[in-house]
Amino acid sequence: MERLLKIFNKFSLIVFAAVVIIAAYSTIVYRSSYKYIAVIGIIISAAAAFFLGKLEKKLSYISVCQYRRITAAFCLLLFASQILTAFLADLTPKNDLAYLCAGAKNLILGNDIYSGIPSYHNDYFEVYPNNHLLFSVIYMLYKTEYVISGNITDFLPTAVNTLGLTLSYFMMCRCAELVHSPSKAMICAIRGMLFTPMITYSLFFYTDSMAMPIIMCALYSYLKYRKTNRMIILILCGALIGTAYKMKGSAIILLIAIILDMALNREKIRNYISTALPCLIMCKLIAAICLRLLKISAAQLKEKAFPLIHWIMMSADGRGGYNSEDFLFTQSLPSEGRNHAIFSRLTYKLKEQGFFGFLNHIAEKIAYTWQNFTFMAGYYHNGDFQSNVFYAASFLCHFTVLFSILGSLINSSGSKKDTVVFRLCLVGICIFLLIWEARCRYLVSFFPIFMLI
C-alpha cells in the first residue's frame, strides 16, 4: 500500500509540474506586452510559495481553537470583500448564463421560454441538460423575488452565490482541520485567501461557483466519514456528489477519486454502494424535477441533447475550447447516426494533426486552461477587473498558489492516507481537461480542494 501511494504521489507530481511549467512558459512567451514583468512575477511567486512552506514551521504553536478563530476572521474578511465587490462591480449575464436568466424570466412572466434568446439556440434547454439544475435554482430565486416585490433582478442569485463561495472557503478550512495539523491547515487557509475567484466570482452565479459549496460539503462529509465510520455520512456524501454533478458535470471526478481512495483503503463493498447509489438516485431525481419544470420529455431530450463525444471532438484541436463550427456541425446532424458522424470528425482532426501536432495541441490546451490568472474576471464583469493593479495582484496570487501546491506535492511522502483523495482530484481534473472542452473557469469549483494538498 505504501509503495503504491508513493508511486501515485510521484505521478501526480509529474502531472502537475508539467501543468505549472507549461502555464509559466506560455505566460512568459506569449504575453509579450509584459514578458519581463511576467518573468519577475513568476520568480516572486515561487519565492512567496517557498515562504509559505517555511511559515508552516513558524506556526507550529497554533492550537486548533486558535486556528478556528483565525479562519473565522478570514471568512468574515472574505465575505466583506465579496460584498464590496458586489456593490462596486457590474455584471450583465453573458453567453449561457444570459440564456438561463432569460429563460427563467420568460417562464415566470408567461412568455415563450426562448423569447430573446438567439435563434440558433432555440432548443438550448434540450441540447444542454447540464444546465438544468442551475436554471431551476435561478428560476426559484427569481420567482421568490417576483412574488414578494413584483420585480426580477439578480440580487437573490448573487446573494446565494456569494454565501456559497464563503461556505466553500469555510468548508475548505474545516476539511484542512480534519487531515492536517493546525499549522499546515493554516497554510491551506492562507492559500485559499489568495484564490481570487473567491471574490471576483461573487457576482458571477454560474455553475462553477454554484457547484463549489456542494463539492466542498461532499468532500467534508467523506473526510468526516473516514474519522467516524458512520454510514449515514457516507450516504449524505453520495447524495451531495449527485447534486454537484447535476450542477457541474466535472464533479463526477470527486466520486471517482473517493471510489479510488476507498479501494486503496480496502473498504467493504457496501461502502461503495452507499456512496454510488445515493449519487445515482439524486441525479435521476433532480433530472426528473428539472424536466418537469422545463416541460421537456425524455424523448425530446434523447433526440436533441448533444452526446458526450461532442465535447471530446470539439476540444480535440487548437486550444481545446468552444468552437462554433463544431457546435453548428453537431446541431445540424439528425439524431440517428449522430455519434458516428461526430466520431468520424474526431478521428479526422487527430489524423490531420499527427503525433507532434497533437502534442502541441495538448500544450496549448494546458496553457489555455491554467495560465489565465484572472479566470476571465474582466470578461464576465464588463471590464471592472482590467486595471494593471488587478492584473498584477491576480498574477502573483495565481502563480503563488500553483507553486505552493507544487511545493506541497514535492514535500509529501505520499504515505498520508487522508490526503490522497485531494491528489486524486488534482490529477483527475488535469486529465479531464485534456480530454474535455477546456476553459480556465472549469477549474474554479475544484480549486479549494487543491489548497488542501
Side-chain angles (χ1 to χ4, degrees), residues 64 67-87 89 91 97 133-134 136-138 140-141 144 154-180 185-186 188-225 227 233 236-248 250-251 253-255 258 282 286 375 401 421-422 425 441-452:
V64 173
Y67 167 77
R68 290 179 178 176
R69 286 197 292 268
I70 294 171
T71 52
F74 281 177
C75 286
L76 291 174
L77 178 61
L78 177 63
F79 186 65
S81 301
Q82 291 166 339
I83 295 297
L84 185 63
T85 300
F87 274 110
L91 174 75
L97 182 57
L133 179 55
L134 180 60
S136 300
V137 170
I138 292 172
M140 288 187 291
L141 294 172
T144 300
D154 291 330
F155 171 75
L156 282 181
T158 298
V160 169
N161 185 57
T162 300
L163 290 171
L165 287 167
T166 305
L167 175 62
S168 301
Y169 179 79
F170 176 80
M171 296 308 298
M172 184 206 74
C173 293
R174 298 289 74 77
C175 288
E177 181 185 318
L178 287 175
V179 298
H180 294 306
M186 184 59 66
C188 297
I190 293 171
R191 283 200 300 225
M193 292 293 285
L194 294 175
F195 183 51
T196 55
M198 285 291 187
I199 296 172
T200 60
Y201 271 54
S202 55
L203 279 167
F204 185 51
F205 50 94
Y206 195 53
T207 52
D208 312 279
S209 54
M210 286 287 208
M212 189 193 294
I214 313 173
I215 289 173
M216 294 312 298
C217 286
L219 178 63
Y220 178 81
S221 298
Y222 177 66
L223 296 176
K224 196 70 176 176
Y225 158 76
K227 297 292 183 182
I233 300 178
L236 174 63
C237 173
L240 286 168
I241 294 174
T243 305
Y245 172 74
K246 294 304 294 181
M247 182 65 75
K248 188 72 179 177
S250 58
I253 293 168
L254 178 58
L255 177 64
I258 287 174
M282 190 58 68
I286 291 173
F375 292 87
V401 167
V421 69
F422 309 146
C425 287
R441 64 174 174 79
Y442 297 166
L443 296 168
V444 167
S445 56
F446 269 84
F447 240 103
I449 299 178
F450 305 159
M451 311 299 175
L452 299 169

Query raised in the report: Looking at CZ of F195 and CG of L443, how far apart are the two atoms once the value is rounded to the nearest 0.5 Å?
Result: 7.5 Å

**Report entry** Check against side chain to side chain contact (heavy atoms under 4.5 Å, CB included), I215 and I449
**Finding:** CA-CA 9 Å; I215 289 173; I449 299 178; 3.8 Å; yes

Query raised in the report: From Y201 OH over to S445 OG, what is the distance, rounded to the nearest 0.5 angstrom?
Result: 10.0 Å

Query raised in the report: Any side-chain heavy-atom pair from T71 and E177 closer than 4.5 angstrom?
Result: no

Query raised in the report: What are the two closest non-hydrogen atoms of L255 and I241, and how far apart are they?
Result: CB-CG2, 3.8 Å

Report summary line: dist S202:OG -> I83:CD1 (nearest 0.5 Å) comes out at 8.0 Å

Query raised in the report: Going by the salt bridge (charged side-chain N to carboxylate O under 4.0 Å, His left out) test, which pairs reach into residues 72-82, not counting sequence neighbours?
Result: none

**Report entry** CA sep, side-chain torsions, deciding dist, call: V179, L452, side chain to side chain contact (heavy atoms under 4.5 Å, CB included)
**Finding:** CA-CA 9 Å; V179 298; L452 299 169; 5.6 Å; no

Query raised in the report: Considering all heavy atoms of both residues, which atom of T243 and which atom of L133 are nearest to each other, and what is their separation?
Result: O-CD2, 3.5 Å

Query raised in the report: Are F447 and F375 close enough that their ring centres sit under 6.0 Å apart?
Result: yes

Requested in this report: Taking all non-hydrogen atoms of both residues into account, name the closest pair between V444 and P448 and its distance.
Outcome: O-CD, 3.6 Å

**Report entry** Side-chain donor or acceptor of S209 paired with backbone N/O of F204 under 3.5 Å
**Finding:** yes

Report summary line: Closest non-hydrogen contact found for F205 with D154 is CZ-OD1, 3.7 Å

Report task. Would you indicate whether the side-chain heavy atoms of L141 and V160 approach each other to under 4.5 Å? Result -> yes

Query - Spacing of M451 atom CE and C175 atom SG [to the nearest 0.5 Å] - result: 13.0 Å

Report task. Under the side chain to side chain contact (heavy atoms under 4.5 Å, CB included) rule, what do F74 and I190 come out as? Steps first, then yes or no, please. Result -> CA-CA 9 Å; F74 281 177; I190 293 171; 4.2 Å; yes

Query raised in the report: Are I258 and V421 close enough that some pair of their side-chain heavy atoms sits under 4.5 Å apart?
Result: yes

Query raised in the report: Does any N or O in the side chain of K227 come within less than 3.5 Å of the main-chain N or O of L178, such that one atom is a donor and the other an acceptor?
Result: yes

Query raised in the report: Between M282 and A239, which heavy-atom pair has the shortest distance, and what is it?
Result: CG-O, 3.4 Å

**Report entry** side chain to side chain contact (heavy atoms under 4.5 Å, CB included) assessment of Y225 paired with L236
**Finding:** CA-CA 10 Å; Y225 158 76; L236 174 63; over 6 Å; no

Query raised in the report: Can you tell if the side chain of F450 reaches within under 4.5 Å of the side chain of V401, non-hydrogen atoms only?
Result: no

Report summary line: To the nearest 0.5 Å, atom CG of N161 lies from atom CG of D208 at 10.0 Å

Query raised in the report: How long is the span from the CE atom in M198 to the CG atom in L78, to the nearest 0.5 Å?
Result: 7.0 Å

Report task. List in chain and number order the residues that pass ring pair (Phe, Tyr, Trp, His ring centres under 6.0 Å) with Y245, two or more places apart in sequence or in another chain; answer none if no residue qualifies. Result -> none

Output a table of donor-acceptor pairs, distance under 3.5 Å, between side-chain atoms of residues 164-173 and any protein atom two or more places apart or on a different chain; print 'none' if there are none.
residue : atom : partner : partner atom : Å
T166    : OG1  : Q82     : OE1          : 2.6
T166    : OG1  : T162    : O            : 3.2
S168    : OG   : G164    : O            : 2.8
Y169    : OH   : A189    : O            : 2.8

